[in-house]
Structure formats: C-alpha cells, structure tokens
Amino acid sequence: MERYNFKIVEEKWQKLWEKNKTFKTKLNKNKKKFYCLEMFPYPSGKIHMGHVRNYTIGDVLARYKTLQNYNVLHPMGWDSFGMPAENAAKENNLDPKDWTEKNISVMKEQLKKLGLSIDWDREISTCSPEYYKHQQLFFLELFKKGLIYKKENYVNWDPVDQTVLANEQVIDGKGWRSGAIVERKKLSQWFFKISKFSDELLSGLDKLDKWPNKVKIMQKNWIGKSFGCEIDFKIEGSSSLNSIKCFTTRPDTLFGFSFLAVSADHPISKFYEKNIGFQKFKQECSKTGTTEESIAQAEKIGFKTDLIAINPFDQNEKVPVYFANFVLMDYGFGAVFGCPAHDQRDFEFAKKYNLPIKTVVKPRDMKDEFEVKDEAYVGDGIMINSSFLNGLSTPNEAISKAIETIEEKKSGKQKINFRLKDWGISRQRYWGCPIPVVYDDKGNYQTVPEDQLPVKLPENINLKTTGNPLDHQEEWRTITIKGKKYKLETDTLDTFVDSSWYYLRFCSPTDTSYGYNLDEIKYWMPVDQYIGGVEHAILHLLYSRFFMLALGYKNDDFISKEPFEGLFTQGMVCHETYKDKNNNWLSPNEVFTEDGKNFYKINDKKEKVVVGSSESMSKSKKNVIDPEKIIETYGADAVRLFILSDSPPEKDIQWSEQGMVASYKFINKFWTLHNKILEKIKSNKKGSNINDLNVFTNKLIQKITFNLEKFNYNVIVANIYETYNFLVKEIEKDYESNMLKENYLKILILIMPVLPHVISEAFNDLNYKEKLEWPIADSKYLEEKFVNIVIQVNGKKKSLIKIEKDLEDKDVINKIKKDEKISNIISDKNLLKHIIVKNRLVNLIIK
RNA sequence: GCCCUCGUGGUGAAAUUGGUAGACACAAAGGACUUAAAAUCCUUGCCCUUUUGGGAGUGCCAGUUCGAGUCUGGCCGAGGGCACCA
C-alpha cells in the first residue's frame with residue numbers, strides 16, 4: 001500500500017478484533033493477572049475529549065500489560081442511573097430507559113472507533129435490573145449487619161433537583177449537579193454507617209502507596225480524626241438538666257474557660273422553643289447563607305440562657321451557657337467550651353458579649369508576663385494561671401495531664417472524634433435503584449424478602465409531577481408479602497451506590513446468583529490500576545473503599561482488600577475560550593485564523609475574536625471539540641498520539657488543532673518510512689553489520705518500558721518521534737536485511753500500545769504472524785565502547801570529548817589535558833584538584 | 001485561616017541517583033526546491049562579537065557542594081482541597 005488510509009485500516013482492525021474476540025479474558029490461575037480499569041462513563045449522549053484522554057491512557061496500559069503476557073481484565077460499562085436521564089425524559093416526553101439505552105449504543109460505537117482493547121462481553125449497565133438486583137441484595141445484607149439505618153435529621157435539600165444531597169455533594173453551599181443554593185430541611189432518610197469504619201478508612205490509606213499523595217491527603221482531611229476528650233459539664237439552673245457534654249481537643253486550656261456554647265439544634269433547645277428571644281436568635285441564624293464566604297464572614301452571635309456551667313477543675317468557677325450560631329450539631333456533641341484566649345472563634349464571641357479572656361498558655365520563648373489582647377494565642381507554650389497544670393508544656397504534657405485529671409474526677413474521658421459523617425443514601429428521584437424496603441399501615445418498615453427481588457422500577461410513568469414521581473405510583477407501591485399488603489419505599493438509592501461496587505461486578509458480570517463470584521474476585525481483585533478524574537478523589541473513591549469494608553464486615557469469606565491498588569488521576573482537556581464583540585461565547589469552529597489573528601463571520605463580515613484563557617472544555621463556554629469529528633478527520637491513532645503528547649497525563653492538556661494536525665501528518669510520514677524499510681527488508685540484502693541500530697533499539701526498549709511504568713506517556717510520544725527521526729536517516733545506511741527486520745519488529749511492538757491500528761497493519765505487511773511479546777533489552781548492546789565525557793572547569797562546562805569507556809583516571813586526565821580548549825584554559829593556571837565521575841564527567845579545579 | 005502541589009525559551013514541555021539545561025513537538029523568522037502555491041526539507045532561537053569565541057541563564061534571595069532545575073531555609077506568584085470541625 002502506498003498511501004496510508006486510516007479509514008480503511010482502522011475499520012479493518014476494529015472489525016477483526018471484534019470478530020476474533022481478541023480482548024476477551026477468562027480466569028486463568030496459571031497466568032498472572034492485571035486488572036486495568038478506567039472510571040466508567042455516564043451515558044450522557046456523546047463521548048467527550050475527557051473520555052478520549054481517560055480511555056486512551058487506560059488502553060495504552062492494558063495493551064502494554066497484554067504484550068508483557070499478563071492476563072489483562074479491561075472492561076467497560078455504564079453508570080446509567082441519574083438525573084440527566086430523568087430531566088431529558090421529562091422535557092421530551094420520553095422514557096429515561098429509552099433515552100439511556102440510545103445514548104449507550106451511540107457512545108459504545110464511538111468508543112469502539114478509538115480502538116480500545118476492551119472485553120465488551122463484560123459490559124454492564126447499572127440501570128438494568130440484572131445489575132441493581134444484586135445491589136438490592138447487598139442492601140439486605142448490609143441491613144442485616146446493622147450497617148444501614150433510618151433517621152430523621154436535617155439534610156441538604158437541592159430545591160432545583162428536588163432531592164437530598166450528601167455532604168460530599170454540596171460544593172460551596174451549592175448542589176454539585178444543579179448549582180442551586182442548598183437549603184436545610186428535616187427529612188427521614190436512609191443512611192450507610194460509613195462512620196463505623198472511619199479508623200479503617202484512615203489507616204488503610206497508609207497502605208496505598210500507588211495512590212497520588214494528593215488524593216490520600218484529601219481523604220485524610222475529609223475523615224478528619226481528632227484526639228481529645230469528652231467533658232461532662234455540670235449544669236445549674238435547670239430542674240431537668242444535670243450536665244452538658246462537650247468534645248474538646250484542648251482540655252489543657254480548661255482554666256481559661258469563660259462560657260459554654262451549644263448549637264441552636266441542641267436537645268436543650270426544646271426548653272427554649274417558646275422563648276421569643278430564642279426564636280429571634282434562631283431566625284437570625286438561618287439568615288446566614290450556606291456559601292463559603294457568608295459563613296466565613298458571618299458574625300458570631302449568641303443567645304444567653306439562664307443556665308450556668310461549672311468548671312470540672314474548679315467547682316467555684318461558674319460560667320454562662322449560650323446558644324451560638326457557630327456551633328455545629330453534627331460534630332462532637334453539638335456543644336463546645338469556650339476558651340477565648342486560645343481560640344480565635346471563642347475570642348471573637350467573648351469580645352462581643354464582654355466575657356472574660358483569661359490567658360493560660362504563654363509562648364515558650366517569652367520571658368516577661370504574657371497576656372492575650374488583640375487576638376487569640378493558639379501556638380505551643382507553657383501553662384500559666386492553671387493551678388496544677390502550671391509549668392507544663394503544651395500541647396503534649398499538659399493535655400495528657402488534663403485528661404488524666406478529668407478521668408480521675410469522673411468528669412469525662414479520652415475520646416477520638418471523626419469529622420466523617422454517615423452517608424445519606426436516600427434520593428427523592430425516579431431514575432435510580434429502588435430501595436428494597438416496605439412499610440406496613442402503621443409505618444413500621446422491613447426489607448423486601450430475597451425471593452421477591454428485584455424491586456423493579458415501573459416503566460413509562462408520568463414524570464411531570466411535583467416531588468418524587470414514585471410517590472404517585474400507587475399500584476406499583478402496593479406489594480404483598482406473605483399475604484399481607486405493604487407499601488414500597490419510594491426513595492431511590494444515591495447513584496454513587498451503583499458505582500461503589502461495579503468493579504466487583506466486572507469480574508463475573510453475568511453471574512445470576514450473586515453480585516460477585518468469590519473465585520473470580522479472589523483472582524482478579526484488587527484493581528491493579530484505576531484511572532479517572534481527580535474530581536472523584538473523595539466521593540466515589542471513599543464510598544468504594546467503604547463498600548469493600550462493609551461487604552467484608554462479619555463475613556470471613558470475603559476478600560478484605562482495598563478495591564484499587566493503584567490510582568492514577570488524569571488532568572483535564574482544555575481549550576482557549578472565544579467571545580464575539582458582544583461578549584457571547586463562540587465555539588472553535590466558528591473561529592478562523594488569518595495572519596495569526598482570529599476572526600469570526602457575522603452577516604458575511606469579518607469581526608475580530610476576543611480570545612480568553614484556556615479552560616477545561618465545557619458546553620457552557622462552547623470551547624468543546626467533538627471527538628467523533630476529530631476521529632473522522634484524522635483517525636483514531638492520530639488522536640491517541642496527540643492526546644498523549646505535549647503534557648504529562650496527570651496535568652491538564654491544551655487542545656490544539658495544529659498539534660492534532662502534526663500528529664496526523666506524523667502517521668502518514670511514518671507510513672512512508674515504513675514502506676522504505678519494508679523494501680529494504682524484502683531486498684534480502686547482505687549489507688554490512690552496523691551496530692548503531694542495535695544500540696538504538698535496545699536503548700529504546702529501556703526508555704519506553706521505563707516511561708510506561710512511570711506514566712510518562714508524553715515522553716513516550718517524544719521517544720516515538722525520536723525513533724522516526726533516527727530511522728529516517730539510518731535507513732540510508734547499508735544494513736543487512738535480517739538485522740534491520742529484527743530491530744524493526746521490536747521497535748514496532750514498543751509503539752503498538754499507542755498506535756495499535758497502524759502497527760497492526762505494519763505487522764501484517766511484514767507477514768508476521770507470531771505472538772507479539774514485549775522485548776527485553778539486551779545488555780550487550782547497552783554497553784558502549786566509547787563514552788562522552790563532559791569537562792568542567794570550576795564546575796562550568798567547557799568541553800566535551802569522546803573516549804574509551806572505563807579508562808583509568810590518570811589516562812582520562814591525560815586525554816583531557818590534550819583537549820585544545822582545556823589546555824588553553826589551564827595552561828597558565830594551577831590545577832588544584834579534579835573530580836572524576838566515571839564515564840561521565842571530569843571537573844577540574846584551577847586557580 | 002489551615003493543608004497540598006507547582007513556578008524551566010514565544011508556547012506545551014524533557015532532564016532515572018545532585019553531574020552536557022531546553023530532548024520531543026507547536027508557533028515564529030530566514031533559506032532551499034517550485035513559474036507560483038501547497039507539500040516537503042534545512043537553519044536560527046537570550047546578551048556581547050563580522051566570524052572564531054565569550055557570558056548570563058530553570059520565579060526571587062541566601063545556604064550546602066568540586067558541581068544545584070534537582071537538596072536546605074526565607075520570600076514572591078499561580079493552582080487545588082478543606083472551611084466556624086471545638
């Protein structure tokens with residue numbers, strides 16, 4: 001073939017791979033396994049560049065591991081429950097199921113056009129009853145284990161999506177999907193007891209040495225472990241209340257105690273419900289928005305009760321009890337003891353209400369008297385004004401002593417507190433997994449019996465109702481268990497539940513008996529390499545880790561493993577943003593370039609484009625490039641090459657049409673070169689045996705293997721270009737055909753993971769039918785007879801010479817002195833000493 | 001406010017352990033081929049010098065070292081996470 005036609009070649013190989021089931025995998029205990037998983041997509045309609053990047057990175061790895069003779073599991077599925085389907089269906093009078101299935105079939109075709117090495121026989125879709133049936137079984141299992149409970153509490157209510165959000169789904173006080181300002185609402189909700197595993201989730205992070213540090217730190221902060229103690233403060237002034245419990249990390253500062261503050265939602269608020277002052281205060285509290293800024297700037301306000309709290313260290317010290325707007329009900333016990341001198345927040349509150357500010361910690365290096373004045377002192381130091389704690393150093397010594405004393409006095413005990421709260425899983429939506437729970441006519445609940453699962457979603461229902469559409473499905477809601485009628489729960493599960501265990505399902509996707517097959521997961525799990533966006537650092541990754549712990553809880557058969565041994569978080573795909581003169585966004589295909597300047601056309605007139613910063617592709621800014629069109633124009637291999645080039649995979653990448661064109665041209669140039677090489681190989685020439693190619697090939701094996709292991713995929717692209725640049729010159733030399741062929745075959749295998757279609761075709765041309773195996777560098781070609789020695793004078797590079805390898809030091813020095821440049825420099829100087837780095841460098845110190 | 005990451009040409013970036021800074025590519029300028037264009041190929045890239053050559057140089061300032069993009073301390077700047085968490 002003379003010219004390379006990617007359309008014909010790519011389609012040919014994609015069909016062959018499909019027909020031969022090239023990427024089908026089976027459990028094989030004689031082979032080492034490699035589970036390569038990319039985060040599965042939501043079937044929104046079309047794939048976007050982010051998917052292209054994500055799945056190309058994963059595919060390069062999967063193909064590389066396959067060539068290394070691993071048994072590679074590389075599956076794909078669909079995270080297909082969720083809001084967009086429901087909204088789209090509502091708008092267009094469709095069934096969410098039809099909308100979703102149509103999108104899946106479109107996106108599947110698009111993914112196939114990328115030439116991904118996926119075992120499509122393992123395809124799963126979370127919205128199919130065959131999938132969520134098992135999820136309902138898990139619900140029953142976790143319910144039996146006591147890991148699921150129902151409680152009424154304040155929830156994050158998204159007024160646009162009309163549903164509850166988990167804490168993790170509230171970003172900046174706004175819903176993660178709708179962007180609406182989240183409201184507080186009291187509702188009865190189902191919860192997963194994720195907080196039961198706080199400690200395991202935290203300590204498990206230490207073992208994940210193939211995870212980015214960044215993600216581990218984010219999870220660590222999210223779990224938020226604090227060491228401290230709980231203190232029971234005796235209360236005076238109430239007939240029905242003896243004490244209020246607080247959590248503190250600074251019991252050492254108890255002698256600086258000047259008020260006790262509780263949350264407006266604290267149980268004692270029931271005594272004040274009818275108090276007009278309190279009502280006013282509560283109203284004032286609710287005015288504070290939930291956004292970042294409003295919270296940070298919110299004034300500390302309080303409502304003074306008639307209660308008095310007693311300092312456990314000093315019975316005579318009595319302080320007022322306040323309700324305060326800065327105390328959170330769902331952390332600790334919803335109550336704090338205020339020490340204004342050593343906590344900025346307490347300091348501000350004390351200033352406002354004229355409460356005493358008593359200094360009890362003095363900075364270590366301060367010799368004079370010390371008193372807190374303009375701001376709280378929160379650093380280390382020595383205890384003062386604190387009776388038996390005086391002179392102790394804080395935090396360590398003083399805190400230990402304080403806790404010891406509190407325990408002696410039976411006023412409290414040491415305690416560890418976590419920030420992590422239980423995972424609210426109820427959603428008031430139709431398009432999700434039904435919660436397998438029923439209620440009797442008295443409102444008592446029980447789980448649906450196993451043999452009556454799955455609870456299937458009703459189809460073709462009216463979605464244009466207020467609130468949850470399932471609330472209006474009276475017929476569907478009515479279910480008979482053992483002859484008795486019950487009403488089904490209408491909340492559905494948070495879609496993050498669906499994705500918390502899909503990696504297990506891929507191991508035995510068609511097993512009808514259970515969600516996972518023990519034999520299969522024992523072989524395949526954990527996922528060796530998981531690849532996806534960093535935006536899931538907390539939500540999805542923490543939930544998945546929890547799910548493994550929950551399934552393993554009270555179940556010795558289950559594998560107790562972290563789900564994802566390796567994690568890689570890739571960066572986003574960005575593009576310049578364009579605006580017209582009226583400040584409206586322009587899409588890249590409305591923009592054209594003349595003399596390096598950007599224009600757009602309006603009514604056949606040229607207008608200048610306002611070019612903005614490069615930002616991650618999003619529909620709202622119109623800076624999106626449709627992968628399908630790009631693949632059609634340039635071919636999958638060219639797109640793969642470009643999306644991997646330029647930037648390291650973990651960083652954002654700038655999409656550039658010129659870069660894309662360059663990759664396309666490269667494929668064609670490569671093919672021209674390939675034909676030249678092919679001719680030389682076919683000529684069967686007995687040329688001379690030049691070693692350069694052997695050396696190059698074996699060095700390349702080293703480089704590409706190293707870069708693959710380190711995810712330096714952008715460097716691999718550079719290695720591929722280098723290879724081309726080398727071969728294009730080298731091919732003019734007089735090589736023996738066999739030697740050329742031998743090296744060329746190895747080089748092709750090295751490039752295969754990035755450019756699978758062209759390389760498959762190249763192997764076809766060479767009539768090479770044997771199994772492809774990743775080459776191993778031959779050390780005899782890596783050892784060179786000559787080496788380049790850098791010559792430095794006083795640490796600065798002055799010259800470079802080529803000499804025999806492993807020369808004696810004194811011979812090296814003699815050779816160097818003969819170098820013209822060097823002899824000029826050192827002739828009239830004193831050579832004080834020299835540093836020799838064997839086979840690399842000599843540094844001459846002169847004066 | 002706390003925590004984390006990152007600052008290298010016009011641009012995206014390379015540089016296994018401290019040892020040739022700028023690989024590879026994009027863009028630009030000049031040139032070759034061509035009647036011309038496209039395509040392709042070559043050269044250049046900061047400062048001084050006609051050339052030879054020399055010098056500065058990895059955000060800034062110090063330090064360690066024969067030698068620092070890489071290590072240490074301080075500062076400046078950008079990005080990300082958390083956010084009244086007691």
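Proteins get letters first, then strands, A, B, ... in listed order; numbering begins at 1 in each. Hydrogens, waters and symmetry mates play no part in the numbers below; they use all other heavy atoms, side chains included.
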Q.
If you compare every side-chain N and O of A:S226 against the phosphate oxygens of B:A86 (OP1, OP2), does one of them come in below 4.0 Å?
A. yes
Q: Check every strand shown and say whether A:T248 touches a base, only sugar-phosphate, or nothing at a heavy-atom separation below 4.0 Å.
A: sugar-phosphate
Q.
Between B:U16 and A:R840, counting only base atoms on the nucleotide and side-chain atoms on the residue, is there a donor-acceptor pair under 3.5 Å?
A. no
Q.
B:C66, OP1 or OP2 - any side-chain N/O from A:K796 closer than 4.0 Å?
A. no
When you compare the protein's N or O atoms with those of nucleotides 21-26 of chain B, which come within less than 3.5 Å of each other, and at what distance?
from, atom 1, to, atom 2, distance (Å)
B:A23, O2', A:E722, OE2, 2.8
B:A25, OP1, A:N725, ND2, 3.3

Q) Quick one: does A:K651 reach the base of B:C6 with a side-chain donor-acceptor pair under 3.5 Å? A) no
Q) Taking OP1 and OP2 of B:A83, is either one under 4.0 Å from a side-chain nitrogen or oxygen of A:R345? A) no
Q | Whole-angstrom distance between B:A86 and B:A68, as gauged at atom P | A | 45 Å
**Q.** Atom C1', compared across B:A15 and B:A23: separation rounded to whole Å
**A.** 8 Å
Q. What distance, rounded to whole Å, do you find between the two C1' atoms, one in B:U40 and one in B:G45?
A. 22 Å
Q) Taking OP1 and OP2 of B:A14, is either one under 4.0 Å from a side-chain nitrogen or oxygen of A:K703? A) no
Q) Looking only at atom C1', what distance separates B:A38 and B:U44, rounded to whole Å? A) 24 Å
Q | Which nucleotide in B:G19, B:A86, B:C3 has an atom nearest any side-chain atom of A:I217 | A | B:C3
**Q.** Nearest listed nucleotide, side chain of A:S647, among B:C85, B:U20, B:A13
**A.** B:A13
Q: Answer with base, sugar-phosphate or nothing: what part of the nucleic acid does A:L841 contact at a heavy-atom distance below 4.0 Å?
A: base
Q. More 5' along RNA chain B: A:R250 or A:Q654, using each one's nearest nucleotide?
A. A:Q654
Q) Closer to the 5' end of RNA chain B via nearest nucleotide, is it A:K710 or A:N788? A) A:K710
Q. Any idea which of B:A14, B:A86, B:C84 is nearest the A:P648 side chain?
A. B:A14
Q. Ignoring hydrogens and angles, are the base of B:C82 and the side chain of A:N221 linked by a donor-acceptor pair under 3.5 Å?
A. no
(Q) Need one value for A:K665: base, sugar-phosphate or nothing, where a base atom within 4.0 Å counts as base even if backbone is also close, heavy atoms only. (A) sugar-phosphate
Q.
So, OP1 or OP2 of B:C3: does either fall under 4.0 Å of a side-chain N or O from A:K220?
A. no
